Participant: 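Please find one structure pasted underneath; my questions will follow.
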Amino acid sequence: MSNKTHSRVVIIGSGPAGFTAAVYAARANLNPILFEGSQPGGQLTITTDVENYPGFPDGILGPEMMDKFRKQAQRFGTECIFKEVDKVDFSERPFKLEVEDTTYTADSVIIATGATARLLDLPNRDKYMGYGISACATCDGFFFKEQEVAVVGGGDSAMEEATFLTKFAKKVTVIHRRDELRASKIMQERAFKNSKIEFMWDSTVVDVDGEQKNGHPALTKVKIKNIKTGDETEKPFTGLFFAIGHDPNTKIFKGMLDMDENGYIITQPKSTKTNIPGVFASGDAQDHYYRQAVTAAGTGCMAAIDAERFLESQE
Ligand code: NAP
């Protein structure tokens, strides 16, 4: 690794958006530095098969795909640093980025920090995370063959995950805090029509419990409260999937960049420009709607082109 601390372009984030921005920026001879952050490879590293990324007709494992993205970015000279950016200062150029005890400077910055799945705050949650509790049905559904599982949430993700889980599980119960779904009509209808899906309305999960099995914890019970009556019940679910939305990883940019009420960075239409010239945003950090690897990669490409044109205009 070189010791350079100044770069024409710094990219923050290592999902499809970040690495695609890196491929384009590196091929434009901008010698980008890319900070991989706390989850190198991003959200795709916690999925199994990716079957909807064009170019992989037989599908590819998420972690393997991200290794390929990284290799392609490095091949053209991207310097990947496996560290997290703690703080940024965009008040003047060059921009400053604090990474542990080093200050990096950059003529332009591409944000590709992504989003993180929301989790319910339950007393026993962490004990069963990965041992019955998951935030990704597509990643973990396979492990719940012929079991009874629950999905929390009432949006499109919850309907999609519940429907997907019926491929494996014996029964899927959707636990929703209201008596009406937020999901689109077509997704609702698909779920209502599925005989394996049941609904528990006006309900929230208050805690989980389980037992030790083969040397590790295993979820066996989910405690649910009806928020209208206050009644609590215990259900014998062995899987609990959270589908209650995502939060963008944009905390370090608060107060500097324009964001919507949920913290997604606002970019100008048909561009990745933020309110600060020279700072560009791509991927899930600015997109709560599509949230796909291929759309994130697309905006990463746009950000690199926007950054290159910005740098040219400064010369
Ligand atoms: P979402 O639309 O924000 O829905 C989140 C759901 O979780 C809501 O029903 C919400 O309840 C519930 N929720 C939030 N916090 C909760 C808490 N603390 N306790 C209990 N329940 C909680 O999120 P999403 O379903 O992930 O969808 C995000 C975006 O992606 C949407 O625009 C969606 O249309 C899109 N999407 C599209 C597809 C598709 O078309 N194939 C698939 C997935 C996602 P309330 O309803 O009471 O607020």
Side-chain angles (χ1 to χ4, degrees), residues 38-39 43 45-48 115-183 187-188 191-192 194-249 251 262-263 288:
S38 59
Q39 190 179 20
Q43 292 183 80
T45 57
I46 53 160
T47 33
T48 50
T116 304
R118 276 188 212 142
L119 305 176
L120 282 183
D121 199 10
L122 312 173
N124 277 328
R125 183 193 70 201
D126 292 347
K127 186 171 174 189
Y128 295 100
M129 204 69 215
Y131 297 104
I133 302 184
S134 165
C136 178
T138 15
C139 324
D140 301 324
F142 184 77
F143 304 114
F144 295 86
K145 277 186 182 154
E146 290 306 309
Q147 300 184 29
E148 286 195 27
V149 303
V151 175
V152 184
D156 280 333
S157 296
M159 295 312 107
E160 194 171 66
E161 305 229 322
T163 307
F164 175 78
L165 284 166
T166 60
K167 288 195 210 171
F168 312 100
K170 189 158 68 183
K171 197 176 106 188
V172 180
T173 302
V174 174
I175 303 169
H176 184 38
R177 62 181 175 184
R178 294 187 294 136
D179 60 2
E180 193 183 22
L181 296 172
R182 175 181 297 279
M187 304 284 274
Q188 294 196 20
F192 287 142
N194 191 318
S195 59
K196 279 186 168 182
I197 300 180
E198 279 182 11
F199 288 83
M200 280 182 89
W201 303 106
D202 301 311
S203 299
T204 55
V205 174
V206 287
D207 204 2
V208 290
D209 208 349
E211 55 194 37
Q212 280 293 117
K213 220 173 170 179
N214 305 327
H216 58 73
L219 186 83
T220 55
K221 286 181 202 141
V222 177
K223 285 183 205 156
I224 301 155
K225 184 176 178 170
N226 183 303
I227 50 177
K228 283 203 171 143
T229 61
D231 290 345
E232 282 197 16
T233 46
E234 214 169 65
K235 294 282 184 185
F237 300 138
T238 50
L240 179 67
F241 292 84
F242 297 138
I244 57 172
H246 289 76
D247 290 314
N249 303 320
K251 231 187 256 159
N262 296 315
H288 62 86

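Since this is a predicted model, take the numbers as computed values, not measurements.
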Participant: If I compare all heavy atoms of Phe199 with all of Ala191, which pair ends up nearest, and what's the gap?
Facilitator: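 Result for this residue pair: CZ-CB, 4.1 Å.
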Participant: Quick check: closest heavy atoms across Glu234 and Lys221, and the distance to 0.1 Å?
Facilitator: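 Of all heavy-atom pairs spanning Glu234 and Lys221, the closest is OE1-CD, 3.2 Å.
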Participant: Aromatic rings Phe241 and Phe144: how do their planes relate, parallel, tilted or perpendicular, breaks at 30° and 60°?
Facilitator: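 Judged by the thresholds at 30° and 60°, the geometry between Phe241 and Phe144 is perpendicular.
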Participant: Tell me if a side-chain donor or acceptor on Glu148 pairs with a main-chain N or O of Phe237 at a distance below 3.5 Å.
Facilitator: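 No, because the side chain of Glu148 does not come within donor-acceptor range (under 3.5 Å) of the backbone of Phe237.
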Participant: Answer whether the closest heavy-atom distance between the side chains of Leu120 and Phe242 falls below 4.5 Å.
Facilitator: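 A side-chain contact under 4.5 Å exists here.
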Participant: If you look at every heavy atom in Glu211 and Tyr128, which pair is closest and at what distance?
Facilitator: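 Heavy-atom minimum between the residues: N-OH, 4.0 Å.
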Participant: Any side-chain heavy-atom pair from Lys196 and Val172 closer than 4.5 angstrom?
Facilitator: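 No, side chains not in contact.
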Participant: Identify the two heavy atoms, one from Gly153 and one from Met159, that lie closest to each other, and give their separation to 0.1 Å.
Facilitator: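 Of all heavy-atom pairs spanning Gly153 and Met159, the closest is O-CE, 4.2 Å.
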Participant: Starting at OG1 of Thr220, measure out to CD of Gln147 and round the result to the nearest 0.5 Å.
Facilitator: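 That separation rounds to 11.5 Å.
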Participant: Once the angle between the rings of Phe192 and Trp201 is folded into 0 to 90°, is it parallel (under 30°), tilted (30 to 60°) or perpendicular (over 60°)?
Facilitator: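 The arrangement is tilted - the two ring planes meet at 30° to 60°.
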Participant: Just by modelled atom types, is the Ile244 backbone N or O under 3.5 Å from a matching donor or acceptor in the Arg118 side chain?
Facilitator: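 Between the backbone of Ile244 and the side chain of Arg118 there is a qualifying donor-acceptor contact (under 3.5 Å).
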Participant: Take Val152 and Leu240 through the test side-chain contact (heavy atoms from CB on, under 4.5 Å) and record every step on the way to the result.
Facilitator: CA-CA 8 Å; Val152 184; Leu240 179 67; 3.8 Å; yes
Participant: Side-chain contact test, heavy atoms from C-beta onward, threshold under 4.5 Å: evaluate it for Met129 versus Leu119 and give yes or no.
Facilitator: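 Heavy-atom side-chain distance check passes, below 4.5 Å.
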Participant: Among Asp207, Val206, Asp231, find the residue that satisfies the side-chain contact (heavy atoms from CB on, under 4.5 Å) test when tested with Lys225.
Facilitator: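 Running side-chain contact (heavy atoms from CB on, under 4.5 Å) over Asp207, Val206, Asp231 with Lys225 returns exactly one hit, Val206.
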Participant: Do Asp179 and Lys228 have side chains that approach each other closer than 4.5 Å (heavy atoms only, starting at C-beta)?
Facilitator: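 Answer yes - side chains close enough.
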Participant: Applying side-chain contact (heavy atoms from CB on, under 4.5 Å) to His288 and Asn262, what does each step give before you reach the verdict?
Facilitator: CA-CA 9 Å; His288 62 86; Asn262 296 315; over 6 Å; no
Participant: Is it true that, when you exclude Tyr131 itself, more than 12 heavy atoms of the residues, nucleotides or ligands shown sit nearer than 6.0 Å to its OH?
Facilitator: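 It does not: Tyr131 OH has 12 such atoms or fewer within range.
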Participant: With rounding to the nearest 0.5 Å, note down the distance linking OG1 in Thr173 to CD1 in Ile224.
Facilitator: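 If we round to the nearest 0.5 Å, Thr173:OG1 and Ile224:CD1 are 7.5 Å apart.
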Participant: Could you state the interatomic distance from CG (Asn226) to CD1 (Ile175), rounded to the nearest 0.5 Å?
Facilitator: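 Result: 11.5 Å between the selected atoms.
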Participant: Could you check whether Asp247 and Thr116, counting side-chain N and O atoms only, form a donor-acceptor pair closer than 3.5 Å?
Facilitator: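 Note: Thr116 and Asp247 side chains miss the donor-acceptor criterion.
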Participant: Quick one: pull up NZ in Lys127 and CD1 in Ile133 and give me the separation to the nearest 0.5 Å.
Facilitator: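 Rounded to the nearest 0.5 Å, the NZ-CD1 separation comes out at 11.0 Å.
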Participant: In Å, rounded to the nearest 0.5 Å, how long is the span from CG of Leu122 to CG of Asn124?
Facilitator: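 If we round to the nearest 0.5 Å, Leu122:CG and Asn124:CG are 8.5 Å apart.
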Participant: When rounded to the nearest 0.5 angstrom, what is the spacing between CG in Asp140 and CZ in Phe142?
Facilitator: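 Nearest 0.5 Å value for the CG-CZ distance: 11.5 Å.
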Participant: Under the side-chain contact (heavy atoms from CB on, under 4.5 Å) rule, what do Met200 and Thr233 come out as? Steps first, then yes or no, please.
Facilitator: CA-CA 11 Å; Met200 280 182 89; Thr233 46; 4.1 Å; yes
Participant: Write down the atom of Val174, the atom of Ala162, and the distance for their closest heavy-atom approach.
Facilitator: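 Taking Val174 first and Ala162 second, the nearest heavy atoms are CG2-CB, 3.8 Å.
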Participant: Could you walk me through whether Glu198 and Lys171 pass the salt bridge (Lys or Arg N to Asp or Glu O under 4.0 Å) test, one step at a time?
Facilitator: CA-CA 8 Å; Glu198 279 182 11; Lys171 197 176 106 188; 3.4 Å; yes
Participant: So, do Ser203 and His176 sit near enough that their side-chain heavy atoms are less than 4.5 Å apart?
Facilitator: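 Counting from C-beta outward, Ser203 and His176 never come under 4.5 Å.
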Participant: How close do Ala115 and His246 get, heavy atom to heavy atom, and via which atoms?
Facilitator: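 Heavy-atom minimum between the residues: CB-CB, 4.1 Å.
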Participant: Are the side chain of Glu161 and the backbone N or O of Ala137 linked by a donor-acceptor pair below 3.5 Å?
Facilitator: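 Here the side-chain-to-backbone pair exists.
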